[in-house]
Amino acid sequence: MTNLLLDIRNLSVPLPTGAERPFGVENLSLTLTKGEILCIVGETGSGKSLTALATMGLLPPNLPKPAGTVAFEGVDMVCLPEAERRKIAGRRMAMIFQEPIAVLNPVYRVGKQVAEVFRLHTDLSKAEISERVIRLFEEVRLPNPAEIVRSFPHQLSGGQCQRVMIASALALDPALLIADEPTTALDVTTQAQILRLMLELREKHGTGIMFITHDFGVVAEIADRVAVMRYGKLVEVGTADEVLRNPQADYTRALLAAVPRLVPNAARQHQLRGGETLALEARQISKTYSGGGMFGGGRTVKAVDRADITIQRGETLGLVGESGSGKSSLAHCVIRLQEPNRGEITILGDTFSGLKGAALRDARQRVQIIFQDPYTALDPRQAVGEAIAEGPIIHGLPRDKARARALELIAAVGLDTASAERFPHEFSGGQRQRICIARALAVEPGLLIADEAVSALDVSVQAQILDLLAEMQKRLGFGMLFITHDLRVASRICDRIAVMQAGAIVEVGEPATLFSNPQQAYTRELLAAVPGRDWQNRPSASSAERR
């Protein structure tokens, strides 16, 4: 195979003693050719990222040396001395990580960080490097490159930071690009831009791309071939068309079945409490941020602009829109984590806006929030049973009754009651999110806010959490504000969906109606940007056919 770029043979990556299984990756064989996009999919812990790190030679130092071969352009990266490996990894191979803001150094301007690649690996002059960086930023479609190069990471959006990382990865025109969940936390329009960029770069440079993802929409959009992994082993591999249309493994079929459809076949069965007071009524909510301090420059941003939302008891209202559209700001105003500049908030028939001190603390029992990252939302030093019981105790429930309620909720969210004595790091991401749901429900709220609560979870765990939320809502009758950038997820769980743009609610409707007949141009743009939006409803074509 003259075009063979990467040839992984019988790769095994041992895990430390005491791990759940002996190998993170076991006896894996894969190939990648020049100009090909290979998507690797599977649940958390399947070995996808370990495969990428082993290919780059970036495995954690606490892991034993891998077995097998990782031949890149004919050179075995596993046996290569460290100095030689770095030369290849720096010039011919590059990697894009999932969280660019965690990789970029916050104290250096992004232009300087990309320039560092040229400084370390080339003999270019300072002026030539500056010119190359500007050209790269233009190539990855960053606006105003001459200004962006002088920006710090926190001054850029998530999509812009990801483009900076892509520019850094492409600086030396690598033959192999490894992208580890690079679009997971991005809204659909930014995600679509990044995916188009990947395809353009492959066409222009002939780059081979190993793309790790749990989003089958992304797979349908860009993959030539797909490798499915589970527990460190290869389950099946084939063309995108073969795997999406005719999967051979039961595990692959289960993953595909867990992917929510953009427009559901039938309306979600819900039990609205029509005769009761509204769970939430928010009128004319506005929030403006005024810049100041070292980087503010006096800039004023209108995050929420006279937004109106209502949620009935037992109803789920979805809130969708691009990053920066004001979704989280609106939710934070509703719960008064941030004070709105104007507007009225009523929860379960009682005024929530204007409350202070003890009155506000007592009223907050009626509304709870589930955040995107369950690990940072939980105290690592506190056993989960105590974390769940803490809220009821604060609001006056005797400790023994609070403890009993915590155990009951732990069982209700599908965990063993013995879990109450364990700590957050002892659970998987999906299990930690179940714990956060139990903690939020412990004070028996009438309104639950889920802020991107499933966006970081793989499809099977995501489906379990969505089913759990629907089940608990049916049992307890709370209203829910569900914030997401994934329109498929919104379609699965929401009774109505509100579309937010530039701080304003521009359209509201039931999923089937809103997504099949959107009235606003912005809603149509969001729908058009959903990756692989039609693959579940028609025979899919591989990206090779699309080219």
**Student:** Do any N or O atoms from the side chain of E344 and from the backbone of Q284 form a donor-acceptor pair under 3.5 angstrom?
**Tutor:**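 Not at all, since once roles are kept as given, no pair shorter than 3.5 Å links the two residues.
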
**Student:** Provide the closest heavy-atom pair for I347 versus V334 in the form atom of the first, atom of the second, distance.
**Tutor:**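 Residues I347 and V334, closest heavy atoms: CD1-O, 4.4 Å.
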
**Student:** Is it the case that the side chain of R253 and the backbone of Q248 share a donor-acceptor pair, with hydrogens and angles ignored and the cut-off at 3.5 Å?
**Tutor:**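 Side chain of R253 to backbone of Q248: a pair is present.
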
**Student:** Heavy atoms, side chains only, cut-off 4.5 Å: are R488 and V530 in contact?
**Tutor:**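 Yes, side chains in contact.
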
**Student:** Would you say V304 and P340 make side-chain contact, with heavy atoms under 4.5 Å?
**Tutor:**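 No, too far: nothing below the 4.5 Å cut-off.
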
**Student:** Using the rule given for side-chain contact (heavy atoms from CB on, under 4.5 Å), can you reason through L514 versus R496, listing the C-alpha separation, both sets of side-chain angles and the distance that settles it, and then say yes or no?
**Tutor:** CA-CA 9 Å; L514 187 70; R496 292 183 300 128; over 6 Å; no

**Student:** Do D308 and I505 have side-chain heavy atoms sitting under 4.5 Å apart?
**Tutor:**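 SC-SC contact between D308 and I505 ruled out.
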
**Student:** Side chains of Y289 and S329, heavy atoms from C-beta outward: is any pair under 4.5 Å?
**Tutor:**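 Y289 vs S329: side chains touch.
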
**Student:** Look only at the side chain of E452 and the backbone of A450, and say whether a donor-acceptor pair between them is shorter than 3.5 Å.
**Tutor:**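 Checked: no pair found.
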
**Student:** So how far is it from Q501 CD to S325 OG, rounded to the nearest 0.5 Å?
**Tutor:**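 Between atom CD of Q501 and atom OG of S325 there are 8.5 Å.
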
**Student:** In Å, rounded to the nearest 0.5 Å, how long is the span from CZ of R434 to CD1 of I465?
**Tutor:**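 Going from CZ on R434 over to CD1 on I465, the span is 4.5 Å.
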
**Student:** Spell out, as yes or no, whether a donor-acceptor pair under 3.5 Å connects the side chain of Q519 to the backbone of N517.
**Tutor:**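 Looks like yes, one N/O pair under 3.5 Å.
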
**Student:** Donor-acceptor check, side chain of R422 to backbone of V384, threshold 3.5 angstrom: yes or no?
**Tutor:**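 Judged by distance alone, no pair lies under 3.5 Å.
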
**Student:** Between D486 and V454, does a side-chain contact (heavy atoms from CB on, under 4.5 Å) hold up when you go through it step by step?
**Tutor:** CA-CA 9 Å; D486 190 327; V454 299; over 6 Å; no

**Student:** Using a 4.5 Å cut-off on heavy atoms from C-beta on, say whether the side chain of V226 contacts that of E236.
**Tutor:**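 Side-chain contact under 4.5 Å: no.
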
**Student:** So, taking the atom named CZ in R163 and the one named CG in L197, what distance separates them when rounded to the nearest 0.5 Å?
**Tutor:**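 Between R163 CZ and L197 CG, I get 6.5 Å after rounding to 0.5 Å.
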
**Student:** For I410 and G385, which heavy atoms make the closest approach, and how far apart are they?
**Tutor:**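 I410 and G385 have their closest heavy atoms at CD1-CA, 4.4 Å.
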
**Student:** Can you check whether T288's main-chain N or O pairs, donor with acceptor, with N341's side chain at less than 3.5 Å?
**Tutor:**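 Present.
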
**Student:** Working to the nearest 0.5 Å, report the span between CD1 of I148 and CG of L156.
**Tutor:**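 It comes to 5.0 Å.
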
**Student:** Is it the case that D458 and T44 place a side-chain donor and acceptor less than 3.5 Å from each other?
**Tutor:**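 Per modelled atom types, D458 and T44 side chains form a pair under 3.5 Å.
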
**Student:** Verify, without hydrogens or angle tests, whether K302 (side chain) and G503 (backbone) share a donor-acceptor contact under 3.5 angstrom.
**Tutor:**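 It does not hold such a pair.
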
**Student:** What are the two closest heavy atoms between R432 and L378, and how far apart are they?
**Tutor:**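 Shortest heavy-atom separation between R432 and L378 comes out as O-CD1, 4.2 Å.
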
**Student:** Of all the heavy-atom pairs spanning L50 and G24, show the shortest one and how long it is.
**Tutor:**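 Looks like CD1-CA, 3.7 Å.
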
**Student:** Counting only heavy atoms from other residues, nucleotides and ligands, does the tally under 6.0 Å from CZ of R524 exceed 12?
**Tutor:**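 Counting neighbours around CZ of R524, more than 12 heavy atoms of other residues, nucleotides or ligands fall under 6.0 Å, so yes.
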
**Student:** To the nearest 0.5 angstrom, please state how far the CG atom of L280 sits from the CG atom of L447.
**Tutor:**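 If I round to the nearest 0.5 Å, the distance is 5.5 Å.
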
**Student:** Hey, does R245 have a side-chain heavy atom less than 4.5 Å from the side chain of W535?
**Tutor:**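 No - every pair of side-chain heavy atoms lies 4.5 Å or more apart.
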
**Student:** Do we see a donor-acceptor contact under 3.5 Å between the side chains of Y522 and E507?
**Tutor:**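 No donor-acceptor contact under 3.5 Å links the two side chains.
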
**Student:** Under 4.0 Å between a Lys/Arg side-chain N and an Asp/Glu carboxylate O for R403 and E386?
**Tutor:**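 Salt bridge present between R403 and E386.
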
**Student:** Can you name the one residue among E43, Q462, K48, E181 that meets side-chain hydrogen bond (donor to acceptor under 3.5 Å, both in side chains) with H214?
**Tutor:**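 With H214 as partner, E43, Q462, K48, E181 yield a single side-chain hydrogen bond (donor to acceptor under 3.5 Å, both in side chains), made by E181.
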
**Student:** What are the two closest heavy atoms between V443 and R405, and how far apart are they?
**Tutor:**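 Result for this residue pair: CA-NH1, 4.3 Å.
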
**Student:** Before you tell me yes or no, could you show the steps for R364 and F352 under side-chain contact (heavy atoms from CB on, under 4.5 Å), namely the whole-Å CA-CA distance, both residues' side-chain angles and the distance that decides it to 0.1 Å?
**Tutor:** CA-CA 9 Å; R364 276 186 169 146; F352 192 67; 3.8 Å; yes

**Student:** Would you call M480 and I311 a side-chain contact if the rule is heavy atoms closer than 4.5 Å?
**Tutor:**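 M480 vs I311: side chains apart.
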
**Student:** Evaluate I370 against L469 for side-chain contact (heavy atoms from CB on, under 4.5 Å), listing each step before the verdict.
**Tutor:** CA-CA 11 Å; I370 305 169; L469 285 169; 4.2 Å; yes

**Student:** Do Q368 and R439 touch side chain to side chain, with heavy atoms closer than 4.5 Å?
**Tutor:**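 With C-beta onward as the side chain, the pair stays apart.
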
**Student:** Taking all atoms of both residues into account, what is the closest heavy-atom pair of M198 and A179, and its distance?
**Tutor:**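 Heavy atoms of M198 and A179 come nearest at CE-CB, 4.0 Å.
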
**Student:** Looking at E339 and R336, is any side-chain nitrogen of the basic one under 4.0 Å from a carboxylate oxygen of the acidic one?
**Tutor:**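 So R336 pairs with E339 through a salt bridge.
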
**Student:** Could you grab the distance from atom CD of E221 to atom SG of C39, nearest 0.5 Å is fine?
**Tutor:**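 Taking CD in E221 and SG in C39, the distance rounds to 10.5 Å.
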
**Student:** Under 3.5 Å, is there a donor-acceptor pair between the side chain of R366 and the main chain of G446?
**Tutor:**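 Not a single qualifying donor-acceptor pair exists.
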
**Student:** Do T316 side-chain atoms and D495 backbone N/O form a donor-acceptor pair below 3.5 Å?
**Tutor:**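 Judged by distance alone, no pair lies under 3.5 Å.
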
**Student:** Give a yes or no on this: more than 12 heavy atoms of other residues, nucleotides or ligands lie within 6.0 Å of atom CD of E426.
**Tutor:**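 Above 12, so yes.
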
**Student:** Judged by modelled atom types alone, do T189 and D187 share a side-chain donor-acceptor pair under 3.5 Å?
**Tutor:**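 D187 and T189 do have a side-chain donor-acceptor pair below 3.5 Å.
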
